[in-house]
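In what follows, residues are counted from 1 in the order of the sequence shown. What's counted below: heavy atoms across the whole structure, side chains too, no hydrogens, waters or symmetry copies.
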Amino acid sequence: MHVIPDHSEFDLWNQDGSVNEDTEGTFLEDLDYVSPNFDTWLRDTRGSIARRQISRVERLLAGLDPDQSPDEALHLASKILMLDPTNEPVARMAMSIYVRQDKLGQARGVYEQVRESLRTDDLDVSEKTRVLFESLRSGNSDPSETLAARSQARTAFVPSADRGIPIVEVISNSDDIVAMEGTELFEDFFDRLISRMIEMPELHVRTNPEMTSRDQASEYQLKITRSIRQSELKIGLRLNSMDGQSLWSERSILSFDAEDNDVQVQVDSLVTQMLPVLEEHIFRGISGEPTTAYGQYLVAKRLFITAPTENYMEDVVGRLHRATEIDPDFLPAYTNLIMSYNTGMFMSRPGSEHTELREKAYQIAQRLLQLNSKYANSHIAVGWCLLWRGKFDSAERSLRRAIELKPYDPHRLNVLATALVYLGHHDDGERLYTMAKERLVHDLDFQGSDYGELYYLKREFERALSWLETPELRNPYRTLFWRAPTYAQLGKLTEA
C-alpha cells in the first residue's frame, strides 16, 4: 500500500505479488533511505520498472506520426523524458513540435532539462541538438527536423538495412501444453526474452513472420518449446538457420515459485550463449572484404580475440572505424572503439602516449551516449572515460546507471567490474567478474590479471598470486606489474 496525505493507493502490487507497473510517478517515492538492503532492492525495482515503461512508450511513439498527432506525441515524449531526461532524439522531436505550436518557452524548457541532466555527468548536448535549438529559437524552424527527430527516436529498435544485422524470427509453440499450469511463468519468460533481444543491437527480432516483407526475410529461426514436469517448467530453445542447419540448442528449467530475478538471469544466460554462435555463423560466411558495418565489426572482434600479429590492434581500430563510417548508428562498434582507445591500443604498443587517444575515446563515448542513453555499454564507456579523467563521483554515477540497465555482454560486464574494483567496490566487482566468467564463451586470459588485481587490493596476496602465474598473451607486462608487488607483500623480495 502506498500512503500519502489524504489518499491511499492499493494498486502497487498485483494479486500474485508482482509489481503493478501502471503506477504513475516514482515507485514508493516516500520510502528512500530505510535500510541498505531495502534501498538496494528499491533502486533495482525502480530501474527495472522504468526500463520497461520506457520501452513500452517508445513502441507507441514509433508507431505514431508526430505531424498528424502532435499532442499525443508530446504526451508520450514527456513520459519518456520524465524517466530518461537525457534522451536527446525524443527531446529534439518535442522541441520541434512545441515550436510549430508557437510554444518556444516549452521548447526551451525541454532543451534546458536535457542539458542539465547531461551536465550532471560532465557531458554536453550533441551538436545536432544544439543546432536545432538555435535554429528553432531564431525562427528558422524546418518541418523536416520533426521527421528527422522521429527517425532518430526509432533507431533503437528499427535497424537500417545496410547494417547486415541478422534477422531472427522467434516462434513459440503455444499448443504443446494442455494444462494452464505454468503458462503465466512461461509468458513472463517469453516477454523478458523478447525484450532483451530487442535491446540487443547485434540482432533484429521478429515475432510475426506474416508481416515480413520479401526483401527483409528472416535469416534465422529461434524455436521455443515448453513442457511441465512436477513443479517445474522446462523451456527448450533451438536456433536454426533458414536453410535448416541447427546451430545451437539449450534448455532452461524454472520452478513455479521462481523469483523475477531468477527468470531474468536465465534469459540473460541464454542470449549470451546464443549470440556468439550466431556471430560465428555469420563470420564464417564472410568472403573477401566485408561491406556491412556488422561484418567489419565481427572481423575486428575476431582479431581482438585471437591477437594474430604484433600490431593487431591497428587493424582492429581501422575496421571499427570503417564500421562506424558505413553505419554511424551501429552501437557495438563504438563500444569496442572506445575500449581500444582507452586501453586496447597499449596492449600492442606498451609505453605509448595515451592522452590523445583517451581524449578521442571520451569524444566517441559522448556520441555513443547521445545515440542511445538506454544502452548500458554507453554508460560503461563514459564511466571509464571519466575515471581516466579523475572524475570519480561522475564515473561512479555512470557505472551505477549501467548496472541499473543490466548489461548482458560478458566482456562489458568484465570491464564494468574492473572499474568498480578501481573505485574501491571490491565485492561488487567480484560479483560481476563471476557473472562475466559464467557467460564468457571465449575464456580470455586477461581475466587472470583482473582477479589478481582484485585480490591484491583486497590484501589476499596468496590468492592474488595464484591468478598471476601466467602472463597475458596481449599484455604480459600488466601481469608482471601486479605479480611484483604481490611477491613483495609476501616477503619474496628477490622474486619481486
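- Ser340 and Asn342 share no side-chain donor-acceptor pair at under 3.5 Å.
- In this structure, the side-chain contact (heavy atoms from CB on, under 4.5 Å) partners of Ala77, at least two apart in sequence or on a different chain, are Val90, Met93, Ala94.
- Relative orientation of the Phe304 and Tyr312 rings is tilted, given thresholds of 30° and 60° on the angle between their planes.
- Using a 4.5 Å heavy-atom cutoff, the side chains of Leu81 and Asn87 are in contact.
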Mind running side chain to side chain contact (heavy atoms under 4.5 Å, CB included) on Ile380 and Ser398 for me, showing each step along the way?
CA-CA 7 Å; Ile380 297 173; Ser398 290; over 6 Å; no
Let me see the working for Arg401 and Glu396 under salt bridge (charged side-chain N to carboxylate O under 4.0 Å, His left out), right down to the final yes or no.
CA-CA 8 Å; Arg401 174 61 175 149; Glu396 182 162 350; over 6 Å; no
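- Atom OH of residue Tyr375 and atom CG of residue Asn372 lie 8.5 Å apart, to the nearest 0.5 angstrom.
- Formation of a donor-acceptor pair under 3.5 Å by the Ser135 side chain with backbone atoms of Val131 is not found in this model.
- When every heavy atom of His426 is checked against every heavy atom of Leu457, the shortest pair comes out as CE1-O, 3.6 Å.
- Using a 3.5 Å distance cut-off with no hydrogens or angles, the side chains of Gln296 and His321 do not pair a donor with an acceptor.
- Contact annotation: the side chain of Asp84 approaches that of Lys374 to within less than 4.5 Å [non-hydrogen atoms, C-beta and beyond].
- When every heavy atom of Ala361 is checked against every heavy atom of Tyr341, the shortest pair comes out as CB-CB, 3.7 Å.
- For the 3.5 Å distance criterion, the side chains of Ser394 and Arg397 qualify, holding a donor opposite an acceptor.
- Glu259 is not listed as a side-chain neighbour of Gln264, based on a closest heavy-atom distance of 4.5 Å or more.
- The distance from atom CD of Glu250 to atom CG of Leu237, rounded to the nearest 0.5 Å, is 8.5 Å.
- Side-chain atoms of Thr418 come within 3.5 Å of backbone N or O of Asn414 as a donor-acceptor pair.
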Going through the checks in order, is the side chain to side chain contact (heavy atoms under 4.5 Å, CB included) test met by Arg439 and Thr434?
CA-CA 9 Å; Arg439 297 182 186 181; Thr434 302; over 6 Å; no
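- To the nearest 0.5 Å, the span separating CG on Asp188 from CG on Leu193 amounts to 11.0 Å.
- Here the side chains of Leu222 and Met274 are in contact, with some heavy-atom distance below 4.5 Å.
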What's the verdict on salt bridge (charged side-chain N to carboxylate O under 4.0 Å, His left out) for Glu460 and Arg463, showing C-alpha distance, side-chain angles and the deciding distance?
CA-CA 6 Å; Glu460 299 178 23; Arg463 199 172 181 186; 3.1 Å; yes
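- Ala488 and Ala496 make their closest contact through N-CB, 3.8 Å (heavy atoms, listed as atom of the first residue, atom of the second, distance).
- Shown here are the side-chain contact (heavy atoms from CB on, under 4.5 Å) partners of Arg367, two or more places apart in sequence or in another chain: Pro328, Asp329, Tyr334, Leu371.
- Take Asp257 and apply the side chain to side chain donor-acceptor pair (under 3.5 Å) test, not counting sequence neighbours, and it matches Ser255.
- In this structure, CD in Glu199 is found 11.5 Å from CD1 in Ile194, a value given to the nearest 0.5 Å.
- Counting only heavy atoms from C-beta outward, the side chains of Arg483 and Pro471 approach each other to under 4.5 Å.
- Looking at Ile403 and Leu420, their side chains come closer than 4.5 Å, going by heavy atoms from C-beta outward.
- For Val277, the side-chain contact (heavy atoms from CB on, under 4.5 Å) criterion is met by Leu247, Trp248, not counting sequence neighbours.
- Panel note: side chain Ser269, backbone Val265; no donor-acceptor pair is recorded below 3.5 Å.
- The pair Arg322-Asp327 does not meet the salt-bridge criterion, since no charged nitrogen lies less than 4.0 angstrom from a carboxylate oxygen.
- In terms of modelled atom types and a separation under 3.5 Å, the side chain of His379 and the main chain of Ser373 share a donor-acceptor contact.
- Side-chain contact check for Tyr408 and Glu202: at least one donor-acceptor pair (N or O, by modelled atom type) lies under 3.5 Å.
- Ring centroid separation for the pair Tyr422 and Trp388 does not come in under the 6.0 Å cut-off.
- In this structure, the side chains of Tyr433 and Val421 come closer than 4.5 Å at one or more pairs of heavy atoms.
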Determine, stepwise, if the pair Arg358 / Thr343 fulfils side chain to side chain contact (heavy atoms under 4.5 Å, CB included).
CA-CA 8 Å; Arg358 285 181 177 160; Thr343 56; 4.3 Å; yes
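- Closest approach of Met95 and Thr129 over heavy atoms only: CE-O, 4.3 Å.
- A 4.5 Å side-chain heavy-atom check between Lys458 and Glu430 finds at least one atom pair inside the cut-off.
- Evaluation of the salt bridge (Lys or Arg N to Asp or Glu O under 4.0 Å) test over residues 379-390, restricted to residues two or more places apart or in two chains, returns Glu359-Arg389.
- Remark: Leu61 CG to Leu76 CG distance equals 5.5 Å, nearest 0.5 Å.
- Between Tyr455 and Phe461, the gap from one ring centroid to the other reaches at least 6.0 Å.
- Among residues two or more places apart in sequence or in another chain, the side-chain contact (heavy atoms from CB on, under 4.5 Å) test is passed with Asn336 by Tyr297, Leu320, Arg412.
- Summarising the geometry of Tyr294 relative to Gly164, their closest heavy-atom pair is CD2-O, 3.7 Å, with the distance given to 0.1 Å.
- Within 6.0 Å of the CD atom in Glu469, the count of heavy atoms belonging to other residues, nucleotides or ligands exceeds 12.
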Could you walk me through whether Asp268 and Arg196 pass salt bridge (charged side-chain N to carboxylate O under 4.0 Å, His left out), step by step?
CA-CA 8 Å; Asp268 287 345; Arg196 176 56 94 188; 2.7 Å; yes
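- In the model, Ser449 has no side-chain atom that pairs as donor or acceptor with a side-chain atom of Glu453 under 3.5 Å.
- Listed here is the closest heavy atom pair of Thr335 and Asn377: OG1-CB, 3.6 Å.
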Chi angles and distances behind the side chain to side chain contact (heavy atoms under 4.5 Å, CB included) call for Arg400, Asp428
CA-CA 11 Å; Arg400 294 295 177 188; Asp428 288 345; 3.1 Å; yes
Checking salt bridge (charged side-chain N to carboxylate O under 4.0 Å, His left out) for the pair Arg431/Asp427: CA distance, chi angles, key distance, verdict?
CA-CA 6 Å; Arg431 177 177 58 83; Asp427 291 339; over 6 Å; no
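- Note that CZ of Arg115 and CZ of Arg108 are 9.0 Å apart. Values are rounded to the nearest 0.5 Å.
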